[in-house]
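These notes are about the structure you will find just below.
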Amino acid sequence: MHAMKNERQSKRLKTFEKELRSRLAELKNHVDQLRQELVIEDDVDDELTQASRSSNREFVMAIMEREIRNISEIEQALERIAKKEYGVCVTCEKTIPDNRLLAIPWTRRCVDCAGGGINRSSGRPLGQPAFGSSLG
């Protein structure tokens with residue numbers, strides 16, 4: 001029975017590892033494409049074109065920063081798999097449910113430790129007014 005559980009756990013980790021490696025390759029390719037978009041000649045006399053290119057460059061840079069953060073998170077998740085620490089919350093050390101790992105395979109925290117949609121000081125879901133509706 002214990003061997004069967006370990007085999008199931010091993011298959012589960014391999015599934016997550018495969019997903020993470022696939023996503024990592026996608027992100028690295030996307031970052032490479034974005035880098036190529038940034039290499040644009042700036043010898044334009046038109047101020048509107050320059051402003052448009054500058055705005056586009058800032059947008060591309062913001063996307064690249066997000067993708068690079070995700071690459072780092074995925075690489076860390078792969079390290080946790082190698083160390084057999086994957087799927088354990090780094091804050092409370094409880095097992096992270098598979099549904100959360102399926103949604104965000106590189107996550108380091110369970111829903112509760114990540115915030116979980118609850119305003120901890122009031123105990124009510126985020127976005128819910130503190131003193132009733134302002135419409136009524």
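Note that the coordinates shown come from a computational prediction; the quantities given were computed from them, not determined experimentally.
In terms of heavy-atom proximity, E19 sits nearest to P105 at CG-CG, 4.1 Å. Looking at every heavy atom in both residues, R100 comes nearest to C110 through NE-C, 3.6 Å. Between A77 and L20 the shortest heavy-atom distance is CB-CD1, 3.9 Å. Nearest heavy-atom pair across C89 and I96 is N-CG1, 3.6 Å.
Residue pairs meeting the ring pair (Phe, Tyr, Trp, His ring centres under 6.0 Å) criterion with at least one member in residues 62-82, sequence neighbours excluded, do not occur. Within the structure, the salt bridge (Lys or Arg N to Asp or Glu O under 4.0 Å) test picks out the following pairs touching residues 60-85 (sequence neighbours left out): K28-E75, E73-R108. Every pair passing ring pair (Phe, Tyr, Trp, His ring centres under 6.0 Å) that includes a residue from residues 83-107 is listed here, sequence neighbours excluded: F16-Y86.
Here the CZ-CG distance, from R8 to L13, works out to 13.0 Å after rounding to the nearest 0.5 Å. The distance from the CG atom of L34 to the CZ atom of R57 is 13.0 Å, given to the nearest 0.5 Å. How far CD of E47 is from OG of S54: 12.5 Å, rounded to the nearest 0.5 Å. Expressed to the nearest 0.5 Å, how far CZ of R21 lies from CD of E17 amounts to 4.5 Å. Atom CD of residue E37 and atom CD1 of residue I63 lie 8.0 Å apart, to the nearest 0.5 angstrom. The CE atom of M61 lies 9.5 Å from the CZ atom of R35; values are rounded to the nearest 0.5 Å.
Side-chain contact between R12 and L101 is present, with heavy atoms from C-beta onward closer than 4.5 Å.
When hydrophobic clusters are built by joining Ile, Leu, Val, Met, Phe, Trp and Tyr residues whose side-chain heavy atoms come closer than 4.5 Å, directly or via intermediates, V88 is not grouped with I81. Two different hydrophobic clusters hold I104 and V90 under the rule that ILVMFWY side chains link at heavy-atom gaps under 4.5 Å.
Side chain of T15 to main chain of K11: a donor-acceptor pair is present (N/O by atom type, distance under 3.5 Å, no hydrogens or angles).
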